[in-house]
Amino acid sequence: RDESRYNDLTNLFGIDWQIIEGLRLKGSFSFTLQNTSADIFKPAKHTDFAEYTGDDFDRRGSYSASRGDVFNYDASVVLSYFWQSRKHVINSNLGWNIQQSRTKEFSVTTEGFPSERLDYISFATQYEKNGSPAGNEYTSRLVGFLGNLNYSYDERYLFDLSFREDASSQFGADKRWAPFWSTGLGWNLHNEHFMEGADWLQQFKIRGSYGLTGSQNYDPYQAITTYEYLTGERYHLGIGATVITMGNRNLAWQRTWQQNYGVDMTLWKGRIDISADYYIKTSKDVLTSVTLAPSLGFSSYMDNLGEVENRGYELSLRATLIRNQAKKIFWSINGSAIHNKNKLLKISNALKAYNEIQDKEADANKNDFSTSEWENMTSINRPRVRYVEGASMNSIWVNHSLGIDPATGDEIFLTKDGETTTEWKAEDQVVCGDAMPECSGTFGINMDYRGIFLNMSFYYQFGGQTYNQTLVDRVENANVGLNVDKRIYNAVWKKPGDRVDFSYNPYRLTKPSSRFVQDLNELRLSSLNVGYDFRHCAFLKKSRLQQLKASFYMDDVFRASTVKTERGLTYPFARTFSFSLQATF
């Protein structure tokens, strides 16, 4: 027996009261109630238990049951005011809202069913061997006040002002409340009197905004110390517990100061749309998971650890090159460009200590190791994130390499003092690249000719770097018991005098080196959709068919890159091909 059930009840209740003309009170209450259940029963004769013999013979037969409940609600009250007089328009709102999101779920597996007729969980003789019931519960709540004001004059000059004051259970008990606000200005230049003769211009809007925002998409219990009971072990008449998450009463909202300046244009009756934005985002009290020493009993905790600044621009363009209904031809293109750079403005003492712990760990790990130590050692053969004021969060920190010594096969490094050495040191790490590209974006085409249509979407990036881990894991630190790169045979140092890029030693670890930092420029055809729409065919009008369309779709069609890396090593890589036929009668 394999059964699954799902129930969903959603309700929205609202009340709308127009007190006087222009003044309105709105209230709403919505909730979602969901519950799921699943039961899987396998009798003793099931093939899963064919090899159960001896002491396991009576364990044959299993029953797995799981239950889940979700209850979310959202309530709000908003007072709105609208006023218009000739060229002046005012729209304002003042409100209050409260939200809750709660999830409960549990599962249990039992075994030992003497008869296939006894097919309910209560007939089991025991829980699953070495197993026990499992479950989770998550509750998150928020309450807040809000208000906004919009003013426009003659549909030319625009002004916006908004504020919020929110409290969330996801943050520390002493830091749950946080204020947020924003203000913006806009100028519809196309509505100015001196632009009346510009028939080629339908929209020319200049805008700017500045404000403070926050987010709460985090673990509901990230600020609370949580424990795990040791139910499998007892001391006299009691059970023990261990701390699994360290709480933080002072954990505050992550706040972001945002500036945005932009232009929107529509030209030649909608044939061309252009949008351009320049932004500066400064995030303060950035929430970060801090790694701790194992001796403390837990691996990490959440804290507010500094300030990060992001600056960049976004450009987008859509143009209709051909639009001829008589000849049934349509051709449009679109494209976008994004440039972003981030910088750590300030870090806390905790992050500075984290850098020191990482550096000590990297220096302490020896370069030579036995095969049995392989799994524990390979975690440090790749660059780690380092938090340094003034540096990018995407910086690639490595030792500057001068290559492989032809005489000995050892790698030669350059220290910060400009001296050469064969010893890798954490203190000599420098930034040799940035994983953030100088520019990235998409572009595509959309064509239709008498029912034959073609849609292509491309992705590109250039100006960034990447650490080619494939060369490390499949050449220099290759495990010959698994798949390796062919360069391990013909491109590694073997004897004095060899001038090569790699040096292979099965018992030596390659630590982060600039030899593997490569410029990454890439172009991908992300998706392709081609087909034929029979809407222009005469037989379609004579038949009872309203629509008939055949199409072919493919994703990740091709990828051209300056860096060769393997994909599908940890998770299978796949391309999707899809053929479809759609008919409407």
(request) Taking all non-hydrogen atoms of both residues into account, name the closest pair between Ile333 and Ile445 and its distance. (result) CG2-CG2, 3.8 Å

(request) Verify the distance criterion only: is there a donor paired with an acceptor across the side chains of Trp187 and Glu192 at less than 3.5 Å? (result) yes

(message) Could you check whether Arg67 pairs with Asp39 (Lys NZ or Arg NE/NH1/NH2 to Asp/Glu carboxylate O, under 4.0 Å)?
(response) yes

(request) Using distance alone, with no hydrogens and no angle criterion, decide if Ser527 and Asp555 have a side-chain donor and acceptor under 3.5 Å apart. (result) no

(request) List the steps, then state whether side-chain contact (heavy atoms from CB on, under 4.5 Å) holds for Leu471 with Arg487. (result) CA-CA 9 Å; Leu471 296 178; Arg487 282 169 283 195; 3.3 Å; yes

(request) Take the angle between the ring planes of Phe552 and Phe579 and call it parallel below 30°, perpendicular above 60°, tilted in between. (result) tilted

(request) For the residue pair Glu476 and Thr510, confirm or rule out a side-chain donor-acceptor distance under 3.5 Å. (result) yes

(request) Using distance alone, with no hydrogens and no angle criterion, decide if Thr565 and Thr470 have a side-chain donor and acceptor under 3.5 Å apart. (result) no

(message) If you count every heavy atom of other residues, nucleotides or ligands that lies below 6.0 Å from Gln582 atom CD, does the total exceed 12?
(response) yes

(request) Answer yes when Arg323 and Asp448 have at least one side-chain N-carboxylate O distance shorter than 4.0 Å, and no when they do not. (result) no

(request) Would you tell me whether Asn148 and Asp160 have side-chain atoms, one donor and one acceptor, within less than 3.5 Å of each other? (result) no

(message) Evaluate Tyr151 against Phe159 for ring-ring contact (aromatic ring centres under 6.0 Å, His included), listing each step before the verdict.
(response) CA-CA 5 Å; Tyr151 170 75; Phe159 171 72; 7.6 Å; no

(request) Take the angle between the ring planes of Phe539 and Phe534 and call it parallel below 30°, perpendicular above 60°, tilted in between. (result) perpendicular

(request) Could you pull out all residues at least two apart from Asp8 that satisfy side-chain contact (heavy atoms from CB on, under 4.5 Å)? (result) Tyr6, Thr10, Thr32, Gln34

(request) Return yes if a side-chain donor-acceptor contact under 3.5 Å exists between Thr266 and Asp273, otherwise no. (result) yes

(message) Is it the case that the ring center of Phe458 lies less than 6.0 angstrom away from the ring center of Phe443?
(response) yes

(request) Can you run down the side chain to side chain donor-acceptor pair (under 3.5 Å) pairs that involve residues 325-334, sequence neighbours left out, and say none if there aren't any? (result) none

(message) Side chains of Asp264 and Ser275: any donor to acceptor distance under 3.5 Å?
(response) yes

(message) Checking side-chain polar atoms at under 3.5 Å, does Arg474 have a donor or acceptor matched by the opposite partner on Asn468?
(response) no

(request) Please check if any side-chain donor atom of Thr213 sits under 3.5 Å from a side-chain acceptor atom of Thr256, or the reverse. (result) no

(request) Could you verify whether a donor N or O on one side chain and an acceptor N or O on the other, from Asn260 and Ser209, lie under 3.5 Å apart? (result) no

(request) Could you check Asp473 against Arg382 for salt bridge (charged side-chain N to carboxylate O under 4.0 Å, His left out), going step by step and ending with a plain yes or no? (result) CA-CA 10 Å; Asp473 295 340; Arg382 61 194 65 203; 3.4 Å; yes

(message) Salt bridge or not between Arg24 and Asp16? Use side-chain N to carboxylate O under 4.0 Å.
(response) yes

(request) For the residue pair Phe31 and Phe29, categorise the inter-ring angle as parallel (less than 30°), tilted (30 to 60°) or perpendicular (more than 60°). (result) tilted

(message) With a sphere of 6.0 Å drawn around CZ of Arg5, does it hold more than 12 non-hydrogen atoms of other residues, nucleotides or ligands?
(response) yes

(request) Find out whether the Lys NZ or Arg CZ of Lys549 is both under 6.0 angstrom from the six-membered ring centre of Phe453 and within 45° of the ring's axis. (result) yes

(message) For Trp268 and Trp200, take the angle between the two ring planes, folded into 0 to 90°, and tell me which bin it lands in: parallel under 30, tilted 30 to 60, perpendicular over 60.
(response) tilted

(request) Would you tell me whether Glu137 and Tyr221 have side-chain atoms, one donor and one acceptor, within less than 3.5 Å of each other? (result) yes

(request) Answer yes or no: is there an ion pair linking Arg515 with Asp501, defined by an N-O contact shorter than 4.0 Å? (result) no

(request) Cation-pi check, Lys281 to Tyr279: give yes when NZ or CZ is under 6.0 Å from the six-membered ring centre and within 45° of the ring axis, no otherwise. (result) yes

(request) Begin with the C-alpha distance, continue with both residues' side-chain angles, and end with the deciding distance and a verdict on side-chain contact (heavy atoms from CB on, under 4.5 Å) for Leu548 and Leu581. (result) CA-CA 7 Å; Leu548 183 63; Leu581 180 65; 4.0 Å; yes

(message) Quick one about Ser457 and Ser526 (side-chain donor to acceptor, distance below 3.5 Å, no hydrogens or angles considered), yes or no?
(response) no

(message) Centroid separation under 6.0 Å, is that true for the rings of Phe180 and Trp257?
(response) no

(message) Taking the six-membered ring of Phe573 as reference, does the cationic atom of Arg567 (NZ for Lys, CZ for Arg) lie under 6.0 Å from its centre and within 45° of its axis?
(response) yes

(message) Looking only at the side chains, is there a donor atom on one of Asp69 and Asn35 sitting less than 3.5 Å from an acceptor on the other?
(response) no

(request) Salt-bridge test for Glu438 and Lys341: reply yes if a basic N is under 4.0 Å from a carboxylate O, no otherwise. (result) yes

(message) Looking at Tyr489, I want to see if its OH is surrounded by more than 12 non-hydrogen atoms of other residues, nucleotides or ligands under 6.0 Å.
(response) no

